[in-house]
Amino acid sequence: MASLRPLDLEGDVRVDRRVTWRGRHVRVRGNLILAKGGALTVEDSVVELRNATARQFRVVWEGGRLVTRRATIGGTLADGAIRPSNLELLDGEWDARDTTVRYVYGITFSHEKRGRLRATNLTMGPNPDSIIMTGRGDVVLRDSTYCISLTMDASN
């Protein structure tokens, strides 16, 4: 992915229709929101949330769909400092193949709605944290190398 065309986006990016990013280094200075009815396909690309501080921006599924193929997704490394983002798969789907996750504070799920992750060859880049299995997360990994944190409510 050495010759990716840059695409700089300022402010929140709300995907509420079909959108494709192919062969790009997409640098978003805002949140990436996958709205209900929206579908973002990312192929042969890097999606970088350009945080000035840790957790400033996030990728959040609000009923939409993300498809990644030969892609890298996450926060940023600037001036030698890692500035991670959150990946919040609250309500929607992520279909990942040959995808690297880097500079994140985890892939998290909702307690009310069901986020669904189906991944083949999901790999950890620098500072990947883990898939944090809380709430109603629905995850299937195939041929992947990724940490999973399991949490169970034991209060009842």
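The backbone N or O of G75 sits nowhere less than 3.5 Å from a side-chain atom of N51 that would complete a donor-acceptor pair. S45 places a side-chain N or O within donor-acceptor distance of the main-chain N or O of G23, the cut-off being under 3.5 Å. A donor-acceptor pair is defined here as one N or O able to donate and one able to accept, closer than 3.5 Å; such a pair exists between the side chain of R114 and the backbone of R136. Looking only at distances, no side-chain donor or acceptor of R102 sits under 3.5 Å from a matching main-chain atom of P128.
Closest approach of D129 and Y146 over heavy atoms only: O-CE2, 4.1 Å. Counting all heavy atoms, side chain and backbone alike, G137 lies closest to M133 at O-CE, 3.5 Å. What you find for T99 and W94 is that their closest heavy atoms are CG2-CZ2, 4.1 Å. Across all their heavy atoms, R14 and I33 have their closest contact at NH1-CG2, 3.3 Å. Scanning all heavy atoms of the two residues, the minimum distance from L90 to S110 falls at O-CB, 3.5 Å.
Both L40 and V13 are assigned to one and the same hydrophobic cluster, defined by single-linkage of ILVMFWY side chains at heavy-atom distances under 4.5 Å. In the hydrophobic clustering of ILVMFWY residues, with side-chain heavy atoms under 4.5 Å counting as a link, L7 and V28 come out together. Clustering ILVMFWY residues whenever any of their side-chain heavy atoms sit less than 4.5 angstrom apart, transitively, puts L150 in the very cluster that holds V139. Note on L34: it clusters hydrophobically with V19, by side-chain heavy-atom contacts below 4.5 Å among ILVMFWY residues.
The CZ atom of R50 lies 11.5 Å from the CG atom of L9; values are rounded to the nearest 0.5 Å. Between the CG atom of L49 and the CZ atom of R55 there is a distance of 13.5 Å, given to the nearest 0.5 Å. Taking CZ of R29 as the reference point, atom CD of E10 lies at 5.5 Å (rounded to 0.5 Å). Interatomic distance, T108 OG1 to I132 CD1, rounded to the nearest 0.5 Å: 6.5 Å.
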Full working for side chain to side chain contact (heavy atoms under 4.5 Å, CB included) between I73 and L66 = CA-CA 11 Å; I73 190 167; L66 176 64; 4.0 Å; yes
L32 and V26: CA distance, side-chain angles, deciding distance, side chain to side chain contact (heavy atoms under 4.5 Å, CB included) verdict = CA-CA 11 Å; L32 176 56; V26 182; over 6 Å; no
Might you work through the side chain to side chain contact (heavy atoms under 4.5 Å, CB included) test for W61 and D91, ending with a clear yes or no?
-> CA-CA 5 Å; W61 282 257; D91 181 20; 5.7 Å; no
What's the verdict on side chain to side chain contact (heavy atoms under 4.5 Å, CB included) for W21 and V47, showing C-alpha distance, side-chain angles and the deciding distance?
-> CA-CA 9 Å; W21 294 335; V47 176; 3.9 Å; yes
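For E48 and R27, the salt-bridge test fails: no basic side-chain N is under 4.0 Å from an acidic carboxylate O. E43 has no carboxylate O lying under 4.0 Å from a charged side-chain N of R69, or vice versa, which leaves the two without a salt bridge.
The ring pair (Phe, Tyr, Trp, His ring centres under 6.0 Å) pairs that include a residue from residues 100-138 number zero, where partners must be two or more places apart or lie in different chains.
Residues N127 and P84 are in side-chain contact: their nearest non-hydrogen atoms beyond the backbone lie under 4.5 Å apart. Side-chain atoms of L89 and L87, non-hydrogen and from C-beta on, never get closer than 4.5 Å to each other. Looking at I148 and L141, their side chains come closer than 4.5 Å, going by heavy atoms from C-beta outward. In this structure, the side chains of T20 and R18 stay at 4.5 Å or more apart for every pair of heavy atoms.
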Side-chain donor-acceptor contacts of residues 115-125 below 3.5 Å, not counting sequence neighbours, with atom names and distances?
| residue | atom | partner | partner atom | Å |
| --- | --- | --- | --- | --- |
| R118 | NH1 | D138 | O | 3.2 |
| R118 | NH1 | D138 | OD1 | 3.1 |
| R118 | NH2 | D138 | OD1 | 3.0 |
| R118 | NH2 | D138 | OD2 | 3.3 |
| N121 | ND2 | D98 | OD1 | 2.8 |
| T123 | OG1 | T100 | OG1 | 3.0 |

